[in-house]
Every structure is written in C-alpha cells, then in structure tokens.
4 protein chains.
Amino acid sequence: MVIISLDLQSESPIYIQLRNKIIEGIASKQLRPGDPLPSVRTFAQDLGVNMHTVNKAYQLLKQDGFIQIHRQKGVVINPDGMPSVDGNYLANVRENLRPVISESVCRGMNKEELMKLIQEVYEEIQKGGEHDDLH
Amino acid sequence: MVIISLDLQSESPIYIQLRNKIIEGIASKQLRPGDPLPSVRTFAQDLGVNMHTVNKAYQLLKQDGFIQIHRQKGVVINPDGMPSVDGNYLANVRENLRPVISESVCRGMNKEELMKLIQEVYEEIQKGGEHDDLH
Amino acid sequence: MVIISLDLQSESPIYIQLRNKIIEGIASKQLRPGDPLPSVRTFAQDLGVNMHTVNKAYQLLKQDGFIQIHRQKGVVINPDGMPSVDGNYLANVRENLRPVISESVCRGMNKEELMKLIQEVYEEIQKGGEHDDLH
Amino acid sequence: MVIISLDLQSESPIYIQLRNKIIEGIASKQLRPGDPLPSVRTFAQDLGVNMHTVNKAYQLLKQDGFIQIHRQKGVVINPDGMPSVDGNYLANVRENLRPVISESVCRGMNKEELMKLIQEVYEEIQKGGEHDDLH
DNA sequence: GTGGTCTAGACCACA
DNA sequence: GTGGTCTAGACCACA
C-alpha cells in the first residue's frame, strides 16, 4: 500500500514529484534496499496518473541507481545499496542550493537561522520513517 | 556594468535563471537597495535574449518585492528593503529543500556533512560581494 | 459554447477585460467551480485574439485563485471554491472605489442614489445567470 | 499648501491619480468652487513630477468641467458648479463598477456587506473634509 | 526613452 | 493536444 500524494497543479512535473517522493521514502527508511515497488501499471492506477509518467519516474530512479528494474521480479529498491555522493552530484546540489540560500539571505535569514531550518527539514524527513512502511 | 552569465542550454528557463542571478547579486551585496537595473531592452541586448524574457524575470522580482518598476525612473532594487521571511515563504523553502536533502541522505551524507555543504555555499554567495559592484 | 464580447478599442487591456468577463461569469453562476474553460489556443481563436493574451488573463486568474491550470486536464474554475475577502483585497477595493464614489459625489449623487446604483449593478450581474450556461 | 500623495509605482498613471486626488478633494469639500489650484509649474515642482503630467490631469479635469483654466487668473475649481450625472457618465460608472462588484460577489460578499463597504468608503471620503483645506 | 501590450509563429516538455 | 517558453517585431501610453 502506497501513501504518496502528488500535486497535479504544481509547476513541477508529476514524474519529478513521484521520483522525489520515492527518494524521500528511501531517506526516511520507509523504503529499504530490496523492497519491492508496484509495477508501472499498478502504480499508475493507484496514483491516478498516466503509465508513461510512472515509467519516466522509474527510468530516472534506475538511471541514478536508486532502483533496479527486472523483467520478472519487477521493480525493487536497489539491494546493492544507494548511489554515492560523487563530484558531479555535489556540483549539482550546490547549483540547486545557491538560489534558495541566496533568497533566504535576501529576506534576512542569518547563517544560524538557515542552519536551524535545514536541521528541521532533515529531522522531518527522518521522522517520516516512524510511519508504517510504504509498501 | 553587469556580469551575469546565463546557460541557454539549461533545463531551467532563462527568466528563472535571470531572476535567481539578480537575487544572488542582492544576497552578495553586489546589488543594493536603490541600485538601478538596466531597462528590459538594454538588458536583453546585453544578455543576448529577448526583451520579453527579461521582462518576465523583472515581473517575478517585482511581485516578490525585490525590485520596483517605475514608469519613469526605470527599474531599481527595492529601496524600501527586501521582502521578509513569512510563513508562506518558509513553507515553500521547506518544500524545495526536502527532496534535495532527502537525496543527499540517501546517498550517504550525514547531518554534519550536509551542514558543512550548506555553510560552504552560504560563504560562496557572500564572497561574490568581493568583486566590483554589478552596476 | 462561450459568449464573451471584448472591446478591442477599449483603453483597458484585452487580457484585463477577459479576466473580468470570466469573473463576471463566475459571479453570475454561468461558470461554476469545476467547470472547464477552453484551452488558451482554442479560446484565442474563438475570441480572435492572440494565445498570449488569453494566457495572460489565465495567469492572473490562477494567481488570484479563481481558476486552476492543470498540465493535463486543462483549465477549470477552481473546484475548491473561490478566494476569500481578505484584508488585502478589501484595501484594494476601497482604493478602487474611492475615486468612483468621489466623482459621483462631486456630480451631485447622494448616498441613497449611489446605493440604488450599486444595487442595480449587483442585480444586473446576477441576472446574467439566467442565460444558458457559458460552457 | 497641498497634501497629495502619489504612488509613483502604481500601475495607474500619475496624471490619473492626480486627477482623482483633486476630485476627492472636491468631494470632501477640501476644495470648493472658486478655490484656486497651483499653476502647472508650481504644482509639478511641489509633487516632484513632470509638468506635462500635471497639465494632462488639468486638461482632463477641465474637459469634464471640474476646473476652469484662465490665462491670467490661473486654475480654479469651477465656480459655476460641478458637472452633473448624465446618461453617459452613468453608463461609464456602471461599466467600472461591474467587475469590482463581480469579484466581490465571487469572493463571497453578499449584498449587505457590499452596501456596508460602499457606505464606509462614502463616509471616509466625507471625513477627508474635516482636515485643513487643501490650498 | 521606458515599460505595457499585442501579435505571429516556433519548439518543447508533459501527459 | 496542452501549457510553457522564447523570439522578433510592432504600436502606444507615459514621463
């Protein structure tokens, strides 16, 4: 059983939202290496979205090494472990954080407040793991 | 004189990039309240993009209170100060940070490494201010 | 089927007129929450204006919460209900009414005549709802 | 001495704002028939706007019969009384009120609340007259 | 000269 | 097919 809420009006594409939700599930340990994910068809039906959309999210996750897609066994969280933080990824994150942090600075947050915010979100993500498992 | 580099190949729209660059300029104090920005047409020509693209970025910045657009005096960094961190903004930032932090956690970063990264980006932004002013 | 007449010669921009017409349609219950609106391109063709002009009206309506724009389902009158009368809106309306009422006072209308006029327009708007639905 | 505040960032043109402020002054009896107004040049300097802007406002007011412009005596509030409410004006006001009232209805105001709002603005305008005269 | 508006037309991501 | 983005180019109100 999956508890994923998508925002169909969001400016961010549904397949990206879906990808992110699954990654959040892994981060919060609601999804663990080896855990199965629904088939494209089933998941699409559950979420009320197009099959292509789920497929696109899965492809992204596979590309980055978060999941494995087997013809027979279906889709599972990568049992061999998660991808690592390489230079490429770090550069990307920096590029993404830069405008967010800049705007916060403009709006008057100092370094301490910023750190506190990050920490809160960090713990919020971990707390997600106290719920029932996603699958 | 403006030193802003846009990535025309990027997946993120030019007008968003431009908006962000200007906000980074403010965060790094290269742009200060009251400072003038180029007219949409001049800026467009300088950047090699269309007038409407610049205008779209300006409209976003105006909406959020970062700049003022005077029919006469042209465009200036809001001399009355920057917008504040309200609940709405905070909720937004949290929503934006969540997937980034989640992925970092998945990839094995612990809280300390994450904090260090944030701090580095934070200081990188401030260092931008050591260059000559943007205008 | 949509019956909206725009005045291309008017001093008020087409996209503002269009925005207002749609709001009048909602006020008169010709358009109800959940009702679909034409796609930007279809509507533009029907109205004989450019796609961007319709889009600008839609963006305004979306910003204020009157409509939702789904990447998939297209455009609909906000099914979650309309925006409310908040302090911000009230202040705006007052600011808009002030010159209109002032001029009427100058021209010799007393409070009763003014009230009667408002009431007439109010009922005129509601009468619009007796026509067939807009869609 | 004139106490008129213009919003240079407003979307409404300065000359329209100025026109409206003067009409509000008349409605609140801070300005009475026969009262002098500053010369274009003086007024422009006092307000910090272009002469053309003041002139344009004056031309509008003269056109509608709110003021008289004499080459020698200067500018005065029309001593022969104000323009009246003719059919043309009424039609115009209705057209202006329609979108405002429609939006209020959409946002959930009923007729009574609307009437109360109008009445408040009406009285606010009259209260303006308790201040010192504008000239 | 400046921003505001509008058009015609194009390509693309998304679903 | 839908909205999102971008361009080139035009006219106008405003100051």
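In what follows, every chain begins at residue 1, and chains take the letters A, B, ... in the order their sequences are listed. The shown structure was predicted, so the numbers you read here are calculated from the model rather than taken from an experiment.
Contact annotation: the side chain of A:Thr53 approaches that of A:Tyr15 to within less than 4.5 Å [non-hydrogen atoms, C-beta and beyond]. Between C:Gln59 and C:Ile69, some side-chain heavy-atom pair lies under the 4.5 Å cut-off.
Of the listed nucleotides (F:dG3, F:dT7, F:dA15), F:dG3 has the atom at the smallest distance from the side chain of C:Ile69. Among F:dC6, E:dG4, E:dT5, the nucleotide with an atom closest to any side-chain atom of B:Gln59 is E:dG4. Checked against F:dT5, E:dT5, F:dG3, the side chain of B:Lys56 finds its nearest nucleotide in F:dT5. Candidate nucleotides E:dT7, F:dA15, E:dT5 were compared by shortest atom distance to the side chain of D:Ile14, and F:dA15 ranks first. Closest to the side chain of C:Met51, from the set E:dC6, F:dT5, F:dT7, is F:dT5.
Interface remark: the C:His52 side chain does form a donor-acceptor pair with the E:dG9 base, using a distance-only criterion of under 3.5 Å. For C:Arg41 and E:dG9, a side-chain-to-base donor-acceptor distance below 3.5 Å is absent, hydrogens and geometry of angles not being considered.
Between the CG atom of A:Leu8 and the P atom of F:dT2 there is a distance of 18 Å, given to the nearest Å. Residue B:His70 contributes atom NE2, which lies 17 Å from atom C1' of E:dG1 at whole-angstrom precision. Between the CD1 atom of B:Ile67 and the C1' atom of E:dG3 there is a distance of 12 Å, rounded to whole Å. Rounded to whole Å, atom C1' of E:dT5 lies 14 Å from atom CD of D:Glu11. As rounded to whole Å, 18 Å separates atom P of F:dT5 from atom CG of B:Leu47. We find that CG of B:Asn50 is positioned 18 Å from P of F:dG4, with the value rounded to whole Å. Following rounding to the nearest Å, B:Leu6 (CG) and F:dC6 (C1') show an atom-to-atom distance of 13 Å. Rounded to a whole Å, the CD atom of A:Gln17 is 8 Å from the P atom of E:dA15.
Surrounding CG of D:Asn88 are at most 12 heavy atoms belonging to other residues, nucleotides or ligands under 6.0 Å away.
When each of B:Ile16 and C:Thr42 is assigned the nucleotide of DNA chain F bearing its nearest heavy atom, the one mapping closer to the 5' terminus is C:Thr42. Mapping D:Ser12 and C:Leu37 onto DNA chain F by nearest heavy atom places C:Leu37 at the nucleotide closer to the 5' end.
The shortest distance between the side-chain N/O atoms of B:Thr53 and the OP1/OP2 oxygens of F:dT7 is below 4.0 Å. The phosphate of E:dA15 has neither OP1 nor OP2 within less than 4.0 Å of any side-chain N or O from A:Tyr15. At least one side-chain nitrogen or oxygen of B:Asn55 sits closer than 4.0 Å to the OP1 or OP2 atom of E:dG4. For F:dG3, the OP1/OP2 oxygens have a side-chain nitrogen or oxygen of C:Ser39 closer than 4.0 Å.
Among the heavy atoms of the strands lying under 4.0 Å from B:Val75 are primed sugar atoms or P, OP1, OP2 only; no base atom is included.
A side-chain donor-acceptor contact under 3.5 Å links B:Asp7 to the backbone of B:Gln9. Remark: the backbone N or O of D:Leu61 is not paired with any side-chain donor or acceptor of D:Asp64 at under 3.5 angstrom.
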Residues B:Ser84, B:Tyr89; criterion side chain to side chain donor-acceptor pair (under 3.5 Å); working and verdict: CA-CA 9 Å; B:Ser84 63; B:Tyr89 174 70; over 6 Å; no
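Using a cutoff of 4.0 Å between basic side-chain nitrogens and carboxylate oxygens, D:Glu103 and D:Arg98 are not scored as salt-bridged.
Consecutive Watson-Crick or G-U pairing (both distances under 3.5 Å) extending over three or more pairs maps onto DNA chain E as E:1-14 with F:1-14.
Considering all non-hydrogen atoms of both residues, C:Ala57 and C:Arg19 come closest at CB-N, 4.0 Å.
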